[in-house]
Each structure stands twice: as structure tokens, then as C-alpha cells.
S.K.: 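Before I ask anything, let me first share the structure, which is written out below as C-alpha cells.
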Amino acid sequence: MSSEPHPLAETGPVPVALSAARKIRISEASRHVGELVELQGWLYNLRKSGKIVFPIIRDGSGMMQCVAVKSNLPEPVFEALKGLTQESSFTVTGTIRAEARATGGFELDVTDAKVIQRVSEDQPYPITPKEHGVDFLMDHRHLWLRSRRQHAAIRVRHEVIAGIREYFDSHGFTLVDTPIFTPAACEGTTTLFEVDYFGDEKVYLTQSGQLYNEANAMAFGKVYCFGPTFRAEKSKTRRHLTEFWMVEPEMAYADLDEVKRVAEELLVYLTARVLENRAEELKILERDTSKLSSVRAPFPRLSYDEAVKLLQTKGSEIEWGGDFGNTDETLLTEDYDRPVIVDRYPAHIKAFYFQPDEQRPELALGVDLIAPEGYGEIIGGGQRIHDLALLEARLAEHRLPREAFEWYLDLRRFGTVPHGGFGMGVERFVAWMCGLEHVRETIPYPRMLYRTRP
RNA sequence: UCCUCAGUAGCUCAACGGUAGAGCAUUCGGCUGUUAACCGAAGGGUUGUAGGUUCGAAUCCUACCUGAGGAGCCA
């Protein structure tokens with residue numbers, strides 16, 4: 001580290017506008033062609049050719065190539081632009097011009113510029129325009145988010161989340177949040193993160209808002225909760241995070257068919273919305289969108305029985321009673337261009353609260369929606385037990401502590417009704433939309449088995 | 001937790017028992033239309049850690065550490 005400041009370093013206070021030029025974001029460029037505007041951003045890349053330099057500025061909304069010609073600019077302005085290093089922050093003023101040669105279709109003819117902070121050559125920006133490995137990039141996740149592909153994936157995530165909210169809000173659902181600290185396991189199966197709660201009581205980070213959702217559905221009719229969920233399982237695959245986001249709708253007076261209908265409608269809506277509003281991001285991600293435009297109702301529907309038979313003809317070693325592995329899920333969807341709905345699973349591989357099938361009580365009225373292209377289960381849900389005696393029996397069978405579930409049993413004592421819902425994993429859905437290999441790129445700061453930083 | 005693979009310059013990789021090298025990044029110089037620009041030059045290394053084999057180890061062996069892919073489990 002040199003103690004001498006670089007001659008081009010800017011150490012003064014952050015400036016206000018350079019001129020009377022209107023400050024705009026790059027995404028608005030098409031509405032300001034021919035106007036003098038100011039852009040505020042960071043240097044993405046710089047090419048120079050003697051007396052002309054081409055800084056590419058990114059401002060979070062897009063990128064634009066600027067053209068700075070030496071003979072048209074004051075010497076210090078030209079030299080400052082010429083000496084910019086990657087990710088230096090600066091503002092430029094100039095006139096927007098339509099330019100077919102430039103990516104994005106517009107260029108800025110620079111008339112003035114101001115460097116806010118020039119990134120030091122002693123410690124240059126670590127992520128270069130060349131290739132990097134996953135480990136290095138994950139260690140620099142806080143900077144990696146500035147890159148084109150990561151930026152695009154997070155914007156698709158944003159669109160999906162906005163779509164989820166819009167879908168439920170416009171279909172009569174109320175957002176009722178469920179707690180993150182919970183006193184006991186919801187399902188009694190997965191491993192939980194234990195938290196020291198003021199020394200005396202043990203609490204856990206939630207793995208699902210579902211039990212609380214059922215109470216909320218009896219209060220509001222149709223509800224959803226949407227928040228982070230935690231699983232302490234030591235899963236090490238491209239489909240797992242220890243902290244992930246899940247949206248869980250729950251509906252009073254709903255049976256399994258209604259749950260399937262809503263799940264299907266939600267996926268169709270979200271997919272169409274992403275295709276409509278995020279075409280540019282999908283292009284950056286090089287997503288084959290023909291794989292998404294076929295996602296329309298109705299989705300193929302299989303019973304668990306049929307799915308097992310189908311898998312056996314495809315060479316899987318699955319036997320009736322077993323759960324699907326990842327290769328099974330991929331085999332199940334390989335002949336379809338949209339998600340597959342599989343329902344009525346053996347009760348013993350599902351959680352205690354699933355309503356049994358009337359004709360065949362050994363089956364649970366659970367349903368999974370399995371995404372194509374190997375993205376696996378993105379929705380899981382079903383119809384819940386509404387009968388008090390049956391639920392009490394199931395709690396005992398699963399050796400769950402009765403006292404912790406007394407409030408949950410109350411829902412069956414005071415005006416119980418058939419009800420159901422499902423949970424959708426946001427990151428898996430976004431990974432599918434984006435065509436990403438790994439869910440870790442669909443969340444800003446992934447938490448995984450061996451990664452909690454940055 | 002188990003199986004497989006990988007750790008060499010800031011980054012991506014090469015060298016596979018005999019003097020550690022290239023591209024990118026950074027610095028300096030050149031170029032008025034570049035598109036991961038190009039051309040010339042410079043600086044940059046305890047080869048993940050600790051042992052062992054050998055005249056000689058980045059290279060072979062052992063253990064450990066770190067990471068990646070997969071299995072199981074799940075959304």
C-alpha cells in the first residue's frame with residue numbers, strides 16, 4: 001500500500017450534480033435521447049485508443065458505453081476518465097445518442113465527468129472480466145452481485161417474489177406472518193437449528209410456518225406466510241441451502257384438488273410473468289425460454305402408484321413405499337415439458353398431519369409438484385387432518401410431545417374444517433426459471449453446509 | 001455422515017521426478033470506434049499445511065485442512 005495518494009484519486013466530499021443536467025438511470029435512456037443527462041455509477045470496463053476512451057458505466061439499472069474524445073474535453077476530465085480503474089465510482093454528464101454499434105443501443109457523448117472514488121491499483125477490484133472459480137466468487141459474493149449474470153438472477157428473484165405477492169394478494173389471501181423462533185419441530189423429521197433463548201428454554205429456527213398457517217387459515221380463511229426457513233440437514237447438493245425462502249399458502253374449506261389447482265395456477269402465473277417482464281435478464285443468463293413458454297395448465301397428474309410403475313419401466317429400482325430420489329424425479333419429468341403433479345403418497349413417508357385417503361387409508365393426501373429439467377420438487381403440500389381423534393392418534397404414533405401441540409389440537413376442537421395448503425421453495429423455482437446449475441446463485445447471500453460468509 | 005475429485009502469481013490454468021511458466025488483472029509506453037479491444041515493456045511465487053521416500057519433490061507416499069460434485073434427506 002503506498003502512502004502517496006494517486007494523482008487522480010478523489011478525496012473530497014461526494015459531489016452534488018455536476019451541472020444542470022438531469023440525473024437519470026440507464027434504464028430510462030430511451031426516453032432521453034438527444035438530452036443532456038447525468039449518470040451516476042461505477043466503471044464496468046474501459047477501453048482506450050489514444051485520444052478516445054470508452055468507459056462502460058453501470059448504475060444498477062443497466063450499462064451504457066460512454067464516448068470521451070480528448071479534443072472535446074478539458075484535459076483533467078479526459079485524464080481522469082482515462083485513468084479509471086475497474087469499479088471506480090464516478091458520474092458523467094453527456095448527451096444520449098442512439099447507437100447501433102453499442103450494446104443496449106445507446107451511447108453517451110461525454111461533456112463532463114467527476115471521479116468519486118478511484119479504486120487503488122494497490123488493491124484492484126478482485127473480480128476481473130475473465131473466468132473465476134466458484135470458491136473465489138463465493139468468497140467475494142458481496143462484489144460478485146455486481147456482475148451481469150448475478151445481477152440478472154437476483155432481478156428474476158425479485159420478479160418471482162413480486163409475482164408471488166401479487167398472485168396471493170389478488171386471490172383473496174391475507175399475508176399473516178408466522179414465527180421464526182419455534183418451540184418444537186413442525187414435522188418431527190428434519191434436523192433443526194437450536195437457539196439458546198436466554199439460557200433456560202430451547203427454541204429452534206422454523207423449518208415451516210405450516211402449523212401456524214393452519215391457525216391463521218381458521219382466522220382469515222385464506223392466508224400465506226412468506227419468509228426464511230431453516231434446515232440443519234447436512235445436505236450437500238446443488239438444490240440445498242440451510243437458509244432458504246418459502247411461501248406457504250393455507251386455505252380453510254379446501255381439499256386436495258383445490259390445493260393442486262392453486263399450486264398449478266401459481267406456477268403458470270409466475271412463469272408467464274417472468275417471461276414477460278424479465279426477458280432481458282433471461283437472455284443474459286442464456287436461458288432457453290422455449291422450455292418455459294410451454295408451462296401451461298393442465299400439468300400432467302400422476303398418483304404415487306402410477307409414478308412408481310412408470311419409474312420401474314424406466315429402470316429405477318424404486319419399490320412401492322419408498323420415496324423418490326433425485327434421479328427418480330428427473331426420470332418422472334423427462335417426457336414432459338411442464339411440471340408433473342404427483343399425489344397420494346404412502347402415509348409413512350409423509351408428515352403426521354396429512355389427511356388419509358378415504359378409500360385407501362394407507363395413503364396420505366399429499367402432493368408434490370416436480371419441475372422439469374432436473375430441478376426437482378419445487379412444491380410440496382396437501383390436505384391436513386381435521387378430525388381431532390385422528391390427529392391425536394397420529395401424534396402418539398409419531399411419539400411427538402402432546403403438550404407442545406395442544407394449541408394445534410385446539411384448531412380441531414373449535415370449528416374444525418377440511419383444509420390444506422402447500423409450500424414453494426423460492427430458490428428452487430428461481431433456479432429453474434434462470435436455468436442455473438445451483439440454487440446458491442438465486443439468493444444474495446447463500447447459507448450452505450460449509451459456507452456462512454460473507 | 002459417506003463416496004469421488006481438486007488446491008501452483010490477485011484470478012484462471014500449464015509444467016507430472018531434473019533451472020516454476022502463460023493469459024487476465026495492476027503499472028509504464030503506443031493507438032480517434034473499441035466490443036472479455038489490440039501492440040510493446042515491467043513488477044508479481046515458502047507450489048494448502050505437516051511429515052516421509054529420493055542425489056534431487058509442485059510432481060511419488062501418509063495424515064490433516066479447505067473447497068467442489070454426488071448420495072442420503074428435503075423445498
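For clarity, every value in this text was computed on a predicted model and none was experimentally measured. No hydrogens, no waters, no symmetry mates; every other heavy atom, side chains included, goes into these values. A note on names: the letters A, B, ... follow the listed sequences, proteins ahead of strands, and every chain is numbered from 1.
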S.K.: Nearest to the side chain of A:Thr237 - B:G33, B:U27, B:A71?
M.R.: B:A71
S.K.: Would you say the side-chain atoms of A:Asp328 and A:Ser316 include a donor-acceptor pair closer than 3.5 Å?
M.R.: yes
S.K.: Give a yes or no on whether a donor-acceptor pair under 3.5 Å exists between the nucleobase atoms of B:G43, that is its base, and the side chain of A:Glu121.
M.R.: no
S.K.: Counting only Watson-Crick or G-U wobble pairs whose two distances fall under 3.5 Å, which nucleotide matches B:U53?
M.R.: none
S.K.: Taking a pair as Watson-Crick or G-U wobble with both distances under 3.5 Å, which nucleotide is matched to B:U34?
M.R.: none
S.K.: Would you indicate what A:Phe136 reaches in the nucleic acid, counting non-hydrogen atoms under 4.0 angstrom: base, sugar-phosphate, or nothing?
M.R.: sugar-phosphate
S.K.: Roughly how many Å is it from CZ in A:Phe54 to C1' in B:G33, rounded to a whole number?
M.R.: 4 Å
S.K.: Whole angstroms only, please: what is the CG-P distance between A:Leu84 and B:A25?
M.R.: 15 Å
S.K.: Is a side-chain donor or acceptor of A:Glu306 paired with a backbone partner of A:Ser303 at a separation under 3.5 angstrom?
M.R.: yes
S.K.: B:A75 C1' sits how many Å from A:Arg447 CZ, rounded?
M.R.: 19 Å
S.K.: Rounded off to whole Å, could you give me the CD-to-C1' distance for the A:Glu233 and B:C2 pair?
M.R.: 15 Å
S.K.: Can you figure out which of B:U1, B:A36, B:G33 approaches the side chain of A:Leu449 most closely?
M.R.: B:U1
S.K.: Could you work out the separation of B:U19 and B:C24 based on their P atoms and round it to a whole Å?
M.R.: 26 Å
S.K.: May I ask whether A:Phe244 stacks on the base of B:A75, given the cut-offs of 5.5 Å between ring centres and 30° between planes?
M.R.: yes
S.K.: Take the angle between the ring planes of A:Trp432 and A:Phe429 and call it parallel below 30°, perpendicular above 60°, tilted in between.
M.R.: perpendicular
S.K.: Is a donor from one side chain sitting under 3.5 angstrom from an acceptor on the other, for A:Tyr44 and A:Arg148?
M.R.: no
S.K.: Starting at OH of A:Tyr125 and ending at C1' of B:C11, how long is that distance when rounded to a whole Å?
M.R.: 13 Å
S.K.: Name the closest nucleotide to the A:Asn45 side chain, picking from B:G67, B:A36, B:G33.
M.R.: B:A36
S.K.: Any idea which heavy atoms bring A:Arg453 and A:Arg447 closest together, and the distance?
M.R.: N-NH1, 4.0 Å
S.K.: For B:U53 versus B:U8, give the span between their C1' atoms, rounded off to a whole number of Å.
M.R.: 22 Å
S.K.: Hey, does A:Glu107 reach any base, or is it just sugar-phosphate, or nothing, if we go heavy atoms under 4.0 Å?
M.R.: base
S.K.: Taking the inter-plane angle between the rings of A:Phe352 and A:Tyr408 on a 0 to 90° scale, is it parallel (under 30°), tilted (30 to 60°) or perpendicular (over 60°)?
M.R.: perpendicular
S.K.: With respect to the side chain of A:Arg440, which nucleotide from B:A68, B:G33, B:C74 is positioned closest?
M.R.: B:A68
S.K.: So which nucleotide from B:C73, B:U1, B:C31 ends up closest to the side chain of A:Arg239?
M.R.: B:C73
S.K.: Just call it for A:Ile379: base, sugar-phosphate, or nothing, with non-hydrogen atoms closer than 4.0 Å on any strand.
M.R.: sugar-phosphate
S.K.: If you check the A:His438 side chain, which of B:G33, B:A25, B:G69 turns out closest?
M.R.: B:G69
S.K.: Under a 3.5 Å cutoff, is there a donor and acceptor pairing between the side chains of A:Thr85 and A:Glu121?
M.R.: no
S.K.: Taking only the P atom of each, what is the distance from B:G40 to B:U47 in whole angstrom?
M.R.: 31 Å
S.K.: Considering only B:A25, B:G33, B:G67, which nucleotide approaches the side chain of A:Arg451 most closely?
M.R.: B:G67
S.K.: Over how many whole Å does the gap from A:Trp432 atom CH2 to B:A75 atom P extend?
M.R.: 17 Å
S.K.: Look at all strands and tell whether A:Lys70 reaches a base, only sugar-phosphate, or nothing, counting heavy atoms closer than 4.0 Å.
M.R.: nothing
S.K.: Between B:U34, B:U32, B:U26, which one does the side chain of A:Arg47 approach most closely?
M.R.: B:U34
S.K.: Expressed as a whole number of Å, how far does the C1' atom of B:A58 sit from that of B:G18?
M.R.: 13 Å
S.K.: So, under a plain 3.5 Å distance rule, would you say the side chain of A:Ser71 forms a donor-acceptor pair with the base of B:U32?
M.R.: yes
S.K.: Both distances under 3.5 Å, Watson-Crick or G-U wobble: report the partner of B:U47, or none.
M.R.: none
S.K.: Answer with base, sugar-phosphate or nothing: what part of the nucleic acid does A:Gly133 contact at a heavy-atom distance below 4.0 Å?
M.R.: sugar-phosphate
S.K.: Quick check: closest heavy atoms across A:Ala307 and A:Val342, and the distance to 0.1 Å?
M.R.: CB-CG1, 4.1 Å
S.K.: Measuring only the C1' atom in each nucleotide, how far is B:G7 from B:U59? A whole number of Å is fine.
M.R.: 14 Å
S.K.: Expressed as a whole number of Å, how far does the P atom of B:U1 sit from that of B:G44?
M.R.: 43 Å
S.K.: If we take the C1' atom in both B:G45 and B:C28, what is their distance in whole Å?
M.R.: 23 Å
S.K.: Using a heavy-atom cut-off of under 4.0 Å over every strand shown, decide if A:Asp368 touches base, sugar-phosphate, or nothing.
M.R.: nothing
S.K.: B:A6 pairs with which nucleotide, Watson-Crick or G-U wobble, both distances below 3.5 Å?
M.R.: B:U66
S.K.: Take the protein atom CH2 of A:Trp144 and the nucleotide atom P of B:C11, then report the distance between them rounded to whole Å.
M.R.: 16 Å
S.K.: Has the side chain of A:His132 got a donor or acceptor that lies under 3.5 Å from a partner of the other kind on the base of B:C11?
M.R.: no
S.K.: So which one's nearest nucleotide on RNA chain B is more toward 5', A:Glu99 or A:Trp245?
M.R.: A:Glu99
S.K.: Could you identify the nucleotide paired to B:U59, looking across every strand shown and requiring Watson-Crick or G-U wobble geometry with both distances under 3.5 Å?
M.R.: none
S.K.: Select one nucleotide: of B:U27, B:C74, B:G69, the one nearest the side-chain heavy atoms of A:Arg238.
M.R.: B:G69
S.K.: Among the nucleotides B:A75, B:A71, B:G33, which one has an atom lying closest to any side-chain atom of A:Leu241?
M.R.: B:A75
S.K.: Given the C1' atoms of B:C11 and B:G70, what is the spacing between them in whole Å?
M.R.: 27 Å
S.K.: Ignoring hydrogens and geometry beyond distance, is a side-chain donor-acceptor pair present between A:Thr128 and A:His132 at under 3.5 Å?
M.R.: yes
S.K.: Touch check for A:Glu427, heavy atoms < 4.0 angstrom, all strands: base, sugar-phosphate only, or nothing?
M.R.: nothing
S.K.: Between the base of B:C73 and the side chain of A:Ser235, is there a donor-acceptor distance below 3.5 Å?
M.R.: yes
S.K.: How many whole angstroms separate atom CG of A:Leu108 from atom C1' of B:G33?
M.R.: 16 Å
S.K.: Go through it in stages, so that I can follow the logic: the residues are A:Glu329 and A:Tyr375, the test is side chain to side chain donor-acceptor pair (under 3.5 Å), and I'd like the CA-CA distance, side-chain angles, deciding distance and then a yes or no.
M.R.: CA-CA 8 Å; A:Glu329 291 182 343; A:Tyr375 284 95; over 6 Å; no
S.K.: On a plain distance test, is the side chain of A:Arg428 in donor-acceptor contact with the base of B:C74 below 3.5 Å?
M.R.: yes
S.K.: Can you tell me the Watson-Crick or wobble partner of B:G23, both distances under 3.5 angstrom?
M.R.: B:C11
S.K.: Classify the nucleic acid contact of A:Tyr450 as base, sugar-phosphate or nothing, counting any heavy atom under 4.0 Å across all strands shown.
M.R.: sugar-phosphate
S.K.: Both A:Gly325 and A:Met448 contact RNA chain B. Taking the nearest nucleotide for each, which residue is further toward the 5' end?
M.R.: A:Met448
